[in-house]
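A short write-up of the structure that comes next.
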Amino acid sequence: MPTPLVSFAPSCEIDLDAGGKRHGYVRIQFSSHRSAYGWIPVPIMTIRGGEGPTALVIGANHGDEYEGISIASDLYLKLDVSDVVGRLILLPCANAPAAYAGRRTSPLDYSGEGNLNRIFPGDRYGTPTDMIAWFIANELVPRAEAVFDLHSAGSSIDHWPSCKIRLMGDEPEKDAMQMDILKLFGAPLGIVGNRVHHGTLSGETSPKGKIYVSTELGGAGRLRPWIREFAYSGMLRCLKRLGVLKDTHVVEAPKWTTRLMAMQTDENYVFAPTDGVFEPEVELGSEVRDGQHAGRVRSLKEPWKEPEDISFNRGGVVFCKRNPALCEIGDTLYFTLNDYERF
């Protein structure tokens with residue numbers, strides 16, 4: 001008789017396909033100095049009201065992005081089984097070790113920089129971050145028609161709130177659905193693109209023909225009530241459009257008219273030219289011109305020198321701004337977005 005192999009792959013405490021409301025943990029096996037035979041709890045919840053489409057809602061893909069945690073949790077708490085036609089799968093703290101530590105990246109692997117959104121599709125028997133990515137890619141994404149990846153920029157960056165889609169091109173019905181979702185979400189900015197990046201959840205999901213929607217709901221490691229409010233009601237509108245919520249479910253109309261923007265290119269970025277203190281002069285959401293003065297970086301080690309001026313390469317809407325004042329050469333200080341034009 002051959003020797004049986006015991007699996008240390010991620011396991012889920014709940015039946016993801018059963019009806020009703022269920023909650024528990026995805027268990028990520030992790031043998032550490034503190035706990036030799038332990039596992040890491042990654043919270044997971046489902047609501048299934050019957051046959052219909054499935055939406056996967058993910059928060060804290062980066063651990064210091066808190067809006068997604070709040071929104072995904074409240075969807076579970078506030079919705080009844082009777083509200084749901086299909087199924088909701090909710091993963092509020094996807095990169096749980098990072099979220100528990102209040103960090104963008106997991107402190108448990110990759111030298112304390114385990115970035116979940118750079119290692120998809122992951123590894124079933126890899127590091128904790130690898131295993132979380134594998135579970136999402138292999139157990140959750142295949143069950144879903146649509147994936148909502150709720151980002152918020154994290155502690156080092158602040159964003160003017162947005163919702164983003166990637167057009168497929170060869171599936172016009174799904175692209176029309178995505179454009180509807182972009183507007184129904186109700187963010188000030190709606191970003192339209194057609195590219196994804198290797199190793200990200202968008203790169204894992206979009207090529208499989210899944211509707212993939214991401215956000216940047218502020219950032220700076222904090223929650224803003226006005227952003228959280230419109231994003232929660234926006235999720236309800238989107239779930240209703242997908243047919244996951246019943247047509248009779250009452251949802252308030254969007255408060256914002258979404259301005260359509262194109263995805264950024266290299267010339268939209270402003271990087272720190274040197275180490276020092278970032279002194280910004282332009283706020284998020286502002287309209288700026290090509291070459292407009294953006295601020296300066298002042299040296300800490302040579303404060304007798306004149307600060308180095310920085311300018312916007314390409315004008316547009318200021319979408320991203322660095323949060324901490326201290327910066328190093330190569331840090332993103334700003335980037336802008338330009339209006340989306342159909343070709």
Side-chain angles (χ1 to χ4, degrees), residues 14 16-23 43-60 65-93 140 143-152 160-165 173-192 210-218 223-260:
I14 64 173
L16 296 171
D17 301 317
K21 269 190 167 185
R22 297 173 184 270
H23 62 267
I44 188 167
M45 302 98 85
T46 62
I47 309 174
R48 185 163 196 167
E51 295 304 316
T54 294
L56 169 62
V57 181
I58 292 176
E65 301 177 0
Y66 300 110
E67 284 82 358
I69 298 173
S70 176
I71 292 164
S73 300
D74 256 6
L75 287 172
Y76 184 75
L77 292 170
K78 294 182 178 181
L79 291 175
D80 294 324
V81 175
S82 60
D83 296 318
V84 177
V85 178
R87 173 175 52 178
L88 263 177
I89 301 175
L90 304 159
L91 197 71
C93 299
L140 301 185
R143 286 177 160 89
E145 280 76 35
V147 178
F148 292 85
D149 190 11
L150 303 181
H151 287 265
S152 306
W160 196 237
S162 70
C163 184
K164 182 189 291 186
I165 60 170
E173 290 185 3
K174 287 185 179 178
D175 281 347
M177 171 81 80
Q178 291 194 123
M179 287 297 289
D180 285 349
I181 286 171
L182 191 70
K183 295 171 183 177
L184 285 169
F185 191 81
L189 301 180
I191 303 172
V192 183
K210 307 285 184 179
I211 289 173
Y212 175 83
V213 181
S214 63
T215 65
E216 293 293 355
L217 300 175
L223 276 160
R224 296 173 178 86
W226 72 273
I227 296 177
R228 196 255 177 234
E229 178 186 358
F230 87 70
Y232 177 78
S233 62
M235 275 302 314
L236 294 177
R237 289 188 292 271
C238 294
L239 293 172
K240 190 172 180 178
R241 174 65 179 85
L242 285 163
V244 176
L245 292 185
K246 288 184 176 178
D247 285 339
T248 54
H249 192 82
V250 178
V251 185
E252 65 181 33
K255 294 180 180 178
W256 293 83
T257 298
T258 299
R259 179 177 176 180
L260 296 185

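- Residues passing the side-chain contact (heavy atoms from CB on, under 4.5 Å) test with Arg22, sequence neighbours excluded: Ile14, Ala18, Thr46.
- Side-chain atoms of Val81 and Ile47, non-hydrogen and from C-beta on, do get closer than 4.5 Å to each other.
- A salt bridge links Asp17 with Arg143: at least one charged nitrogen is closer than 4.0 Å to a carboxylate oxygen.
- Using a 4.5 Å heavy-atom threshold, the side chains of Val192 and Met179 count as touching.
- A donor-acceptor pair under 3.5 Å links the side-chain atoms of Arg237 to the main chain of Glu252, judged by distance alone.
- With Thr258 contributing its side chain and Ala187 its backbone, the two residues share a donor-acceptor pair below 3.5 Å.
- Atom CD1 of Ile227 is separated from atom OG of Ser70 by 12.0 Å, given to the nearest 0.5 angstrom.
- Nearest approach of Cys93 to Ala60, heavy atoms of both residues: CA-CB, 3.8 Å.
- Expressed to the nearest 0.5 Å, how far CD1 of Ile211 lies from CD1 of Ile165 amounts to 9.5 Å.
- Side-chain contact between Leu140 and Ile44: present, with at least one pair of heavy atoms (C-beta onward) separated by less than 4.5 Å.
- The heavy-atom pair separating Pro161 from Pro188 by the smallest distance is O-CD, 3.5 Å.
- Between Phe185 and Phe230, the angle of the ring planes goes over 60°, which puts this pair in the perpendicular group of the 30/60° scheme.
- Contact record, His151 with Asp149: NE2-OD2, 2.8 Å, taken as the closest heavy-atom pair.
- No donor-acceptor pair closer than 3.5 Å links the side chain of Thr215 to the backbone N or O of Ser162.
- Between Trp160 and Leu189, the closest side-chain pair of non-hydrogen atoms falls below 4.5 Å.
- In this structure, Leu90 and Ala72 approach most closely via the heavy-atom pair CD1-O, 3.7 Å.
- The closest donor-acceptor contact from the side chain of Glu67 to the backbone of Arg228 lies at 3.5 Å or more, if one exists at all.
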Full working for side-chain contact (heavy atoms from CB on, under 4.5 Å) between Glu216 and Ile191: CA-CA 10 Å; Glu216 293 293 355; Ile191 303 172; over 6 Å; no
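- A 4.5 Å side-chain heavy-atom check between Leu75 and Tyr232 finds at least one atom pair inside the cut-off.
- Contact annotation: the side chain of Lys21 never approaches that of Met45 to less than 4.5 Å [non-hydrogen atoms, C-beta and beyond].
- For Lys240, there are no side chain to side chain donor-acceptor pair (under 3.5 Å) partners at least two apart in sequence or on another chain.
- Separating the CD1 atom in Ile71 from the CD1 atom in Ile58 is a distance of 14.0 Å, to the nearest 0.5 Å.
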Verdict with supporting geometry, Val57 and Met235, side-chain contact (heavy atoms from CB on, under 4.5 Å): CA-CA 9 Å; Val57 181; Met235 275 302 314; 3.8 Å; yes
Evaluation steps, side-chain contact (heavy atoms from CB on, under 4.5 Å), between Ile181 and Leu242: CA-CA 8 Å; Ile181 286 171; Leu242 285 163; 3.9 Å; yes
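- Taken to the nearest 0.5 Å, the CZ atom of Arg259 stands 14.5 Å off from the NZ atom of Lys183.
- Residues Pro254 and Gly186 approach most closely at CB-CA, 4.2 Å, considering heavy atoms.
- Using a 4.5 Å cut-off on side-chain heavy atoms (C-beta onward), Val213 and Val147 make no contact.
- Contact between Gly243 and Val85 at its shortest, heavy atoms only, is O-CB, 3.5 Å.
- A distance of 11.0 Å separates CD of Gln178 from SG of Cys238, quoted to the nearest 0.5 Å.
- Checking side-chain atoms of Lys246 against main-chain N and O of Ser82 turns up a donor-acceptor pair under 3.5 Å.
- Residues Lys210 and Leu56 form no side-chain contact, since every pair of their non-hydrogen atoms from C-beta on lies 4.5 Å or further apart.
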